[in-house]
Number of protein chains: 2
Amino acid sequence: MDFQLKFAINEKIFLRNPESSEVGKLMVKKAIDLIYELGFEQFTFKKLAVEINSTEATIYRYFENKHRLLLYILNWYWCYMEFLVTFKLENVTDKKEQLKIIVHLLTHEFAESASRFDYNKKYLNQIVISESSKVYLVKDVAAINKDEVFKPYKDLCAKIADVITSYNPHYKYPRSLSTTLIETSHHQQFFSFNLPKLTDISVENNLNFTSRFIENLLFQVLSY
Amino acid sequence: MDFQLKFAINEKIFLRNPESSEVGKLMVKKAIDLIYELGFEQFTFKKLAVEINSTEATIYRYFENKHRLLLYILNWYWCYMEFLVTFKLENVTDKKEQLKIIVHLLTHEFAESASRFDYNKKYLNQIVISESSKVYLVKDVAAINKDEVFKPYKDLCAKIADVITSYNPHYKYPRSLSTTLIETSHHQQFFSFNLPKLTDISVENNLNFTSRFIENLLFQVLSY
DNA sequence: TTTTAAATGATAGCAATACTATCATAAATA
DNA sequence: TATTTATGATAGTATTGCTATCATTTAAAA
């Protein structure tokens, strides 16, 4: 079974839907490879154009600027993550088990897909860890937010918050805890690899370090 | 009593010590104002040069690029924060009280200083919230880290971790929890203001929201 | 005080970035 | 077949992110 996942991405993020053409699809796929490789600051439309054997002009017809392209990629990721959460919680009745599955999803790499048209999930993961905060930590976040471009993030957050509330209905900060789990997963993965002194990772405990830290934190916070 | 705080900032961060001259000092002070006003992406040395009635060339003699200047500002902040923690915990013996003081420091604006030569603490706070992650979420973080430019952050983290351990010696992740407290303070402050749906802030509970969330999280995590 | 050294300001210049515009051609649709 | 639409090729512009030169001002050493 070789299937492909598509999500309805907010139309305000792009000028022309990249899903509507081959160059468009290639553009997003290669953007993921290139942002992973260069980092968002060094990534340019010029470099991407060369990579897809096209021109800057063509890319600008799809995306206003590289910030919007990153936003597109992250919207896809948030939708994908919400889909995965829904999918994996299917038929799991134990609330604690549900939360464990969520922590696992947030702290492990996605399974690589077979389809070669698909985005590189390993790269996507790293982009989310290293670059995602750059889409909202900007001066004009309020203006950008008006177009509802963060809705998939808010939806994912709300979904996790629901599971949190069903596990402990008395807990007062389900959404803040939800974003904390998401953001902390990124931070701890980044820190444990790049600035390990900011974490408690060590040679003995480096297996699933972030996962164990987050799970411990989550269940302690939600304990009565 | 009008005193000024100075910290020994890692020499590898700058080319020429900005503390050694008037333009240098003005440069850093005005950089804080300008980064606050424009956001780090829109901030340029050209704009800063105009602001201090000098030239780009002069600024480049002090800092290699704007990333280094931001790093300098954050180094100052981390030193300042560690100083404040040390200072405020003085003579406080109750461990729980100590942790409460730390949470308060992480989630509230600094008291504005009287000295007009001092950095604008309100702006500094906002910069830390919105821009601090941009100094380490870069592709060449490993190379940058070699110069020990993140030492003040690690020291602050270690200091808070010590208090955590003294409160609960059995807790296994004091440093990760420490960075989580710091980073989450920033996130929740940013989100509760800009993307409130990612938090549990509301009209009724907006007073010290982040503070209460973090404090609840901390003591739940550290409870037996 | 004079000499010397160092820091600054003014100016120039350059390659890369972040776009915008035009137009011919190719591809898709009517 | 005619017509719309997308692409590629090319050009151009303002800004950014630097580096280099040199005269002048300021500070330190002799």
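Just so it is clear: chains get the letters A, B, ... in the order the sequence lines come, proteins before strands, and each one is counted from 1.
- Under the side chain to side chain donor-acceptor pair (under 3.5 Å) criterion, A:Glu56 pairs with no residue at all, not counting sequence neighbours.
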Side chains of residues 66-73 of chain B: which donor-acceptor pairs under 3.5 Å do they make with residues two or more places apart or in other chains?
residue: B:Lys66; atom: NZ; partner: B:Phe40; partner atom: O; Å: 2.8
residue: B:Lys66; atom: NZ; partner: B:Glu41; partner atom: O; Å: 3.2
residue: B:Lys66; atom: NZ; partner: B:Phe43; partner atom: O; Å: 3.0
residue: B:His67; atom: NE2; partner: B:Val135; partner atom: O; Å: 3.2
residue: B:Arg68; atom: NH1; partner: B:Lys12; partner atom: O; Å: 3.0

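- In this entry the distance linking CG of B:Leu34 with P of D:dT16 reads 11 Å, nearest Å.
- Taking B:Ile201 as the reference, B:Ser192, B:Pro196, B:Thr199, B:Asn205, B:Asn206, B:Phe209 meet the side chain to side chain contact (heavy atoms under 4.5 Å, CB included) condition, with sequence neighbours excluded.
- For C:dT8, one of the phosphate oxygens OP1 or OP2 lies less than 4.0 angstrom from a side-chain nitrogen or oxygen of B:Ser21.
- Between A:Glu22 atom CD and D:dT5 atom C1' there is a gap of 17 Å when expressed in whole angstrom units.
- Atom CG of B:Asn17 and atom P of C:dA6 are 17 Å apart (whole Å).
- A salt bridge does not link A:Lys159 with A:Asp155: every distance from a Lys NZ or Arg NE/NH1/NH2 to an Asp or Glu carboxylate oxygen is 4.0 Å or more.
- Ionic pairing of A:Glu131 and A:Lys134 is present here: one or more N-O contacts between side-chain nitrogen and carboxylate oxygen are shorter than 4.0 angstrom.
- Between the CG atom of A:Leu74 and the OG atom of A:Ser132 there is a distance of 6.0 Å, given to the nearest 0.5 Å.
- Taking side-chain N and O atoms only, A:Tyr62 has a distance below 4.0 Å to OP1 or OP2 of D:dT7.
- The pair A:Glu215-A:Arg212 does not meet the salt-bridge criterion, since no charged nitrogen lies less than 4.0 angstrom from a carboxylate oxygen.
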Donor-acceptor pairs under 3.5 angstrom involving side-chain atoms of residues 14-27 of chain B: please list them, not counting sequence neighbours.
residue: B:Asn17; atom: OD1; partner: B:Glu19; partner atom: N; Å: 2.9
residue: B:Glu19; atom: OE1; partner: B:Lys6; partner atom: NZ; Å: 3.1
residue: B:Ser20; atom: OG; partner: B:Asn17; partner atom: O; Å: 2.6
residue: B:Ser21; atom: OG; partner: B:Gly24; partner atom: N; Å: 3.0
residue: B:Ser21; atom: OG; partner: B:Tyr62; partner atom: OH; Å: 2.5
residue: B:Glu22; atom: OE2; partner: B:Lys25; partner atom: NZ; Å: 3.4

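- One can place CG of B:Leu26 at 12 Å from P of C:dT8, the figure rounded to the nearest angstrom.
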If the sugar-phosphate is the primed atoms plus P, OP1 and OP2 and the base is the rest, what is the B/S/- string for nucleotides 9-21 of chain C, using protein heavy atoms under 4.0 Å? BB------SSBBB
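- The stretch residues 133-140 of chain B has no heavy atom under 4.0 Å from DNA chain C, so no residue of it qualifies as close.
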